Amino acid sequence: MFNKLLFQYEVKKKGFTLKDAAHIMGVDVTTLYRKMNGESDFYRHEIQKLCAEIGFDNPMEIFFAEKIT
């Protein structure tokens with residue numbers, strides 16, 4: 001399960017915007033919002049690009065969270 005709040009926090013903490021994150025992934029901002037809201041899935045290559053460029057501290061907690069409270 002995707003942790004939207006932690007994703008947004010980590011992106012901002014690293015000095016990026018959601019628009020930057022979408023650009024890194026190679027998708028439109030609208031597509032990123034769909035993925036963040038669970039309407040579409042993140043693909044492995046998108047996650048890899050984000051992790052390589054942004055350098056998330058805990059990508060497993062963001063993209064594969066067990067439960068969001």
Side-chain angles (χ1 to χ4, degrees):
M1 186 170 250
F2 178 69
N3 187 329
K4 181 179 176 179
L5 294 176
L6 185 56
F7 176 78
Q8 291 173 313
Y9 170 76
E10 288 287 329
V11 167
K12 290 178 184 177
K13 182 174 103 172
K14 299 291 184 174
F16 293 90
T17 64
L18 292 177
K19 185 176 179 180
D20 295 332
H23 179 74
I24 290 166
M25 291 170 53
V27 300
D28 189 71
V29 176
T30 305
T31 302
L32 175 58
Y33 278 103
R34 282 191 202 116
K35 291 174 183 287
M36 290 172 56
N37 290 320
E39 298 169 27
S40 182
D41 293 326
F42 283 89
Y43 293 110
R44 183 181 62 203
H45 71 275
E46 294 169 340
I47 295 170
Q48 289 173 327
K49 286 180 182 179
L50 285 170
C51 290
E53 185 73 27
I54 294 178
F56 292 124
D57 293 333
N58 297 303
M60 293 298 287
E61 291 179 17
I62 295 171
F63 296 101
F64 304 103
E66 289 183 32
K67 183 179 177 184
I68 301 173
T69 56

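This is a predicted model, so every value here is computed, not measured. The figures that follow rest on heavy atoms only: side chains count, while hydrogens, waters and symmetry mates do not.
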A.B. asks: Search all heavy atoms of Asp41 against all heavy atoms of Lys35 and return the closest pair with its distance.
C.D. replies: O-NZ, 2.6 Å

A.B. asks: Kindly compute the distance separating NE2 (His23) from CD (Glu53), expressed to the nearest 0.5 Å.
C.D. replies: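 Reported value, rounded in 0.5 Å steps: 8.5 Å.
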
A.B. asks: Aromatic rings Phe42 and Phe63: how do their planes relate, parallel, tilted or perpendicular, breaks at 30° and 60°?
C.D. replies: perpendicular

A.B. asks: Indicate yes or no: does Glu46 engage Lys49 in a salt bridge with an N to O separation below 4.0 Å.
C.D. replies: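 Result for this pair is no, no salt bridge flagged.
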
A.B. asks: If only atom types and distance count, is the side chain of Asp28 paired as donor or acceptor with the main-chain N or O of Thr30 below 3.5 Å?
C.D. replies: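 Yes, Asp28 side chain to Thr30 backbone: donor-acceptor pair under 3.5 Å.
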
A.B. asks: Look up atom CG in Leu32 and atom CG in Asn37, then write down how far apart they are to the nearest 0.5 Å.
C.D. replies: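 Taking CG in Leu32 and CG in Asn37, the distance rounds to 9.0 Å.
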
A.B. asks: Is there a side-chain contact between Lys4 and Gln8, using heavy atoms and a 4.5 Å cut-off?
C.D. replies: yes

A.B. asks: Please round to the nearest 0.5 Å and tell me the distance separating atom OG1 of Thr31 and atom CD of Glu39.
C.D. replies: 10.5 Å

A.B. asks: Looking only at heavy atoms, which two atoms of Leu50 and Ala21 are closest? And how far apart?
C.D. replies: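 Looks like CD2-O, 3.7 Å.
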
A.B. asks: Evaluate the ring planes of Phe7 and Phe56, with Trp represented by its six-membered ring, and classify them as parallel (under 30°), tilted (30 to 60°) or perpendicular (over 60°).
C.D. replies: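 Because their plane-to-plane angle lies in the 30° to 60° range, the rings of Phe7 and Phe56 count as tilted.
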
A.B. asks: Once you round to the nearest 0.5 Å, how far does CZ of Phe2 lie from CD of Glu61?
C.D. replies: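 So the CZ of Phe2 and the CD of Glu61 are separated by 13.0 Å.
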
A.B. asks: Which residue is it: Asn3, Asp57, Ile54? I am looking for the one with a side chain to side chain contact (heavy atoms under 4.5 Å, CB included) to Glu10.
C.D. replies: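 It is Asp57; the other options fail the test.
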
A.B. asks: With a 6.0 Å cut-off (strictly less than), is the heavy-atom count around NZ of Lys13, excluding the residue itself, greater than 12?
C.D. replies: yes

A.B. asks: Same cluster or not: Leu18 versus Tyr43, using hydrophobic residues (I, L, V, M, F, W, Y) connected whenever any side-chain heavy atoms lie under 4.5 Å apart?
C.D. replies: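 No, it is not one cluster - the side chains of Leu18 and Tyr43 are not joined through contacts under 4.5 Å.
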
A.B. asks: Can you establish whether the number of heavy atoms outside Lys12 located under 6.0 Å from its atom NZ is more than 12?
C.D. replies: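 It does not: Lys12 NZ has 12 such atoms or fewer within range.
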
A.B. asks: Quick check on Phe16: does its CZ atom have over 12 non-hydrogen neighbours (other residues, nucleotides or ligands) under 6.0 Å away?
C.D. replies: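 Counting other residues, nucleotides and ligands, CZ of Phe16 exceeds 12 neighbours.
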
